[in-house]
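So that the names make sense, note that chain A is the first sequence line, chain B the second, and so on, each numbered from 1.
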Amino acid sequence: MALRFYNTLSQQVETFSPARDNIVRMYTCGPTVYDYAHIGNFRTFTFVDLLRRWLRTNGFGLDHVMNITDVDDKIIRNAVAQRKSLAEYTAVYTEAFRKDCATLRLEEPERLVPATGHIDDMVEAIERLSASHHTYSSEGSVYYRISSFPGYGKLSHNDFSGNLAGARVDVDEYEKADARDFALWKAPKEGEPFWETALGPGRPGWHIECSVMAIKYLGETLDIHAGGIDLIFPHHENEIAQSEALTGQPFARFWLHAEFLMVEGQKMSKSLGNYFTLRDILERGHSPEAIRYLLASVPYRKSLNFTFDGLKSAKTAIDRLRNFKLRLETDRYPEGQSEELAARTAQACKGFTESLNDDLNTAEALGAVFEYVRDANSAMDAGTFRAGNAAAALELLALFDSVFAVLQPAASQGTSDAGVDALVAERTAAKKAKNFARADEIRDQLLAQGIILEDTKSGVRWKRKSP
RNA sequence: GGCGCGGUAGCCAAGUGGUAAGGCAAAGGUCUGCAAAACCUUUAUUCGUCGGUUCGAUCCCGACCCGCGCCUCCA
């Protein structure tokens, strides 16, 4: 079956292919760099990474833009409090974000673009919106007039056509004609940084950066726009209103949204003490691979309960796959090929692919891999696994890891591989000579360095203990 | 109140109108000089509750209960 995604816009699963060139033009909402990103943010970014990787496996090229929101109320507040410039303040968290992404093996998008690098583009877009009567000004700020856009509400499936009974009024400190209108340009308040522009002094509202940067780099209609589910309203709804008013074209063909992450069954919040950054979790001794696996293993449209038990379980699951890979690479098998096993390998590959094609059903895809691992291990035990079956098995693992990216352990330290090999050889010789004392001494010595020896039928092999 | 998501074994979780994938944990076993590691086996007559449709429902329909999200900044 072809690749298909659930589209928030149509509320249906639809077959996906890019509109032109076999290149997927994709825009995803990035971080607001006012602090370190938390594990909930990374749930969404991990989803985006899986999406990137799986699109590529489907043979598509990628042109993916992600924004860095480096100007907003919180950033201004914090920067002013610390007597830093905006750029000075946001540089720290932008860099931290990139580093955290690298730690989680999240690929960097083709373009990672900062809002503040596009002020002129935004001003120009706002002027065009004004020229077509989609805006009004009030006290130095410019607002988007929602009543000027008939399709408003089509993404979040809210009906705004009637009166706005029950709607909150005047939630902003700025003056708006209608509660649902939103700021395109904000006049500066006392002591706030601002840009001097044709619109007057001020700074851009939140939503306009995404419309402007997406259209600038990817064109009037995106193939995919993705982000967290909480962005559907108002952020993405507002992006549509701005973009479609500007271009007259549909802004994005597919809208994909990742569900929320909970921590230990509760909403993550600072007051509950369950608010974790990536750094917090790494400090507790968990590996980036385990975190990545846990975030990836629950399909993106289902809320994910992040627990430390789950993290341990993820680590053990990865170990199982790594052990299987090690066994494949080190054991020796009789010549020839088992047709039955070859068929199972092919079936596992197919199952894995079909599952991910089905709106990135990662849980089901993992099922296909683990089922195969059990069957192959059994065949190895029974002696029916043949040398000719190893290559296809390794290919399945490679396919798996091209998406999940957890098999390769993080760079290790300590004794070099060659050094370990030498000690292992010495122990084998000692065992042969029945010098068990020396053999055990070496085993303990290596164990102290986190190296685990496995005595198997076809000889000894070793691995580094994973954190 | 409006819109949306979910309730499947101790935990995480897939799934289909025809009788429950997978992972972790637990218990048993294999291997071994002893160990460790690894591997294998077993583990839900049952899928929130109550009705309905059907030869048959966890999967379809209705009602209800519970949890979560958005509606205001938010991944």
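- Nearest nucleotide to the A:Asp230 side chain, out of B:C5, B:C70, B:A13: B:C70.
- In the interface, the side chain of A:Asn323 is not paired with the base of B:A37 through any donor and acceptor atom under 3.5 Å apart.
- Dashed line: the shortest gap from a side-chain N or O of A:Arg322 to OP1 or OP2 of B:A37 is not under 4.0 Å.
- Under 4.0 angstrom from either OP1 or OP2 of B:G67 there lies no side-chain N or O belonging to A:Lys267.
- Donor-acceptor pairing under 3.5 Å, judged by distance alone, is present between the side chain of A:Asp440 and the base of B:G33.
- If you check every strand for non-hydrogen atoms under 4.0 Å, A:Pro31 touches nothing.
- Closest approach to the A:Thr32 side chain among B:G2, B:A14, B:A75 is made by B:A75 (side chain taken as heavy atoms from C-beta onward).
- Here the side chains of A:Asp358 and A:Leu3 are not in contact, with every heavy-atom distance at 4.5 Å or above.
- When the nucleotides B:A75, B:C71, B:C40 are ranked by their closest atom to the side chain of A:Pro234, B:C71 comes out on top.
- Of the listed nucleotides (B:C39, B:A14, B:C3), B:C39 has the atom at the smallest distance from the side chain of A:Asp381.
- You'll find a donor-acceptor pair under 3.5 Å spanning the side chain of A:Arg443 and the base of B:C34, going by distance alone.
- Taking the centre and axis of the six-membered ring of A:Phe308, the NZ or CZ atom of A:Arg284 falls inside the cone set by 45° and 6.0 Å.
- Shown here, B:U19 forms no base pair; nothing in the strands shown gives a Watson-Crick or G-U wobble contact with both key distances under 3.5 Å.
- A cation-pi contact links A:Arg301 to A:Tyr6, judged by a cut-off of 6.0 Å to the six-membered ring centre and 45° from its axis.
- Minimum atom distance to the side chain of A:Glu371 is reached by B:A21, of the listed B:A21, B:C34, B:A75.
- Using a 4.0 Å cut-off between charged nitrogen and carboxylate oxygen, A:Lys350 and A:Glu354 do not count as a salt-bridge pair.
- Nucleotide B:A37 holds its C1' atom 5 Å from the CD atom of A:Glu454, rounded to whole Å.
- Protein atom CZ of A:Phe233 is 18 Å distant from nucleotide atom P of B:C5, rounded to whole Å.
- The ring of A:Phe260 does not lie on top of the base of B:G69; it is either too far (5.5 Å or more) or too tilted (30° or more).
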